[in-house]
Amino acid sequence: MSVVVPDEILTITRMTEAEMRQEIAVMLFEREKLTLAQASRFAGMHRVAFQHLLASRQISVHYGMEDFEQDIQTLREMDRL
């Protein structure tokens, strides 16, 4: 599914497309609709950069079993585990 944000909305909010994606990702993460990994991918940011963005807004990182399992899978795919 694709969501189209009209250019008018970007103009009104004075945001770039990247900033809009980050705002949506932060909101969905804060509401626990996306994991940290999912939200950082949606935002188009490296996970650490996304964590810094969250920290700058004083949003705590909830790191649960799903995040842990995704990290383990990523490490296995990178042959680091």
Side-chain angles (χ1 to χ4, degrees):
M1 176 180 100
S2 296
V3 175
V4 177
V5 177
D7 289 335
E8 176 186 359
I9 298 299
L10 293 177
T11 301
I12 291 169
T13 59
R14 296 183 183 172
M15 297 173 77
T16 65
E17 184 180 336
E19 290 169 329
M20 181 65 73
R21 289 180 69 84
Q22 289 174 10
E23 290 301 317
I24 293 168
V26 167
M27 184 260 313
L28 292 173
F29 176 79
E30 193 171 23
R31 293 182 180 189
E32 297 186 19
K33 300 293 183 180
L34 293 179
T35 66
L36 180 63
Q38 292 166 335
S40 60
R41 276 195 306 273
F42 183 83
M45 301 173 72
H46 187 276
R47 191 182 301 193
V48 173
F50 189 71
Q51 285 177 289
H52 284 286
L53 175 63
L54 294 172
S56 74
R57 297 176 183 207
Q58 299 179 349
I59 298 170
S60 64
V61 175
H62 8 278
Y63 188 83
M65 281 303 294
E66 186 176 343
D67 293 308
F68 177 71
E69 289 168 356
Q70 286 179 350
D71 287 344
I72 295 296
Q73 183 61 33
T74 299
L75 289 171
R76 285 186 178 133
E77 289 169 3
M78 296 171 66
D79 290 325
R80 293 191 176 188
L81 185 65

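Computed over heavy atoms, backbone and side chain alike; hydrogens, waters and symmetry mates excluded.
- Sorted by first and then second residue, the ring-ring contact (aromatic ring centres under 6.0 Å, His included) pairs with a member in residues 9-58 read Phe29-His62; sequence neighbours excluded.
- Checked against salt bridge (Lys or Arg N to Asp or Glu O under 4.0 Å), Glu23 has the following partners two or more places apart in sequence or in another chain: Arg57.
- Residues Leu36 and Val48 do not share a hydrophobic cluster, defined by chaining ILVMFWY side chains whose heavy atoms lie under 4.5 Å apart.
- Closest non-hydrogen pair, Leu10 versus Thr13, comes out as O-OG1, 3.2 Å.
- Within the model, atoms CZ of Arg47 and CG of Asp71 stand 4.0 Å from one another, a figure rounded to the nearest 0.5 Å.
- Here Leu53 contributes atom CG and Gln22 contributes atom CD; the two are 5.5 Å apart, rounded to the nearest 0.5 Å.
- Within 6.0 Å of CD in Glu8 there are 12 or fewer heavy atoms belonging to other residues, nucleotides or ligands.
- To the nearest 0.5 Å, the span separating CZ on Arg21 from CE on Met15 amounts to 12.0 Å.
- The hydrophobic clustering, which links ILVMFWY residues whose side-chain heavy atoms are closer than 4.5 Å, places Ile12 and Ile24 apart.
- With rounding to the nearest 0.5 angstrom, the CD atom of Gln51 is 12.5 Å from the CD1 atom of Ile59.
- Under the 4.5 Å side-chain heavy-atom criterion for Ile, Leu, Val, Met, Phe, Trp and Tyr, Leu28 and Val61 are members of distinct hydrophobic clusters.
- Side-chain contact, Gln73 with Glu69: no donor N or O sits under 3.5 Å from an acceptor N or O.
- Considering all non-hydrogen atoms of both residues, Ala39 and Ala25 come closest at O-CB, 3.4 Å.
- Annotation for Glu17: atom CD does not count as buried by contact number, only 12 or fewer foreign heavy atoms lying within 6.0 Å.
- Sequence neighbours left out, the pairs with a member in residues 35-44 that pass side-chain hydrogen bond (donor to acceptor under 3.5 Å, both in side chains) are Thr35-Gln38.
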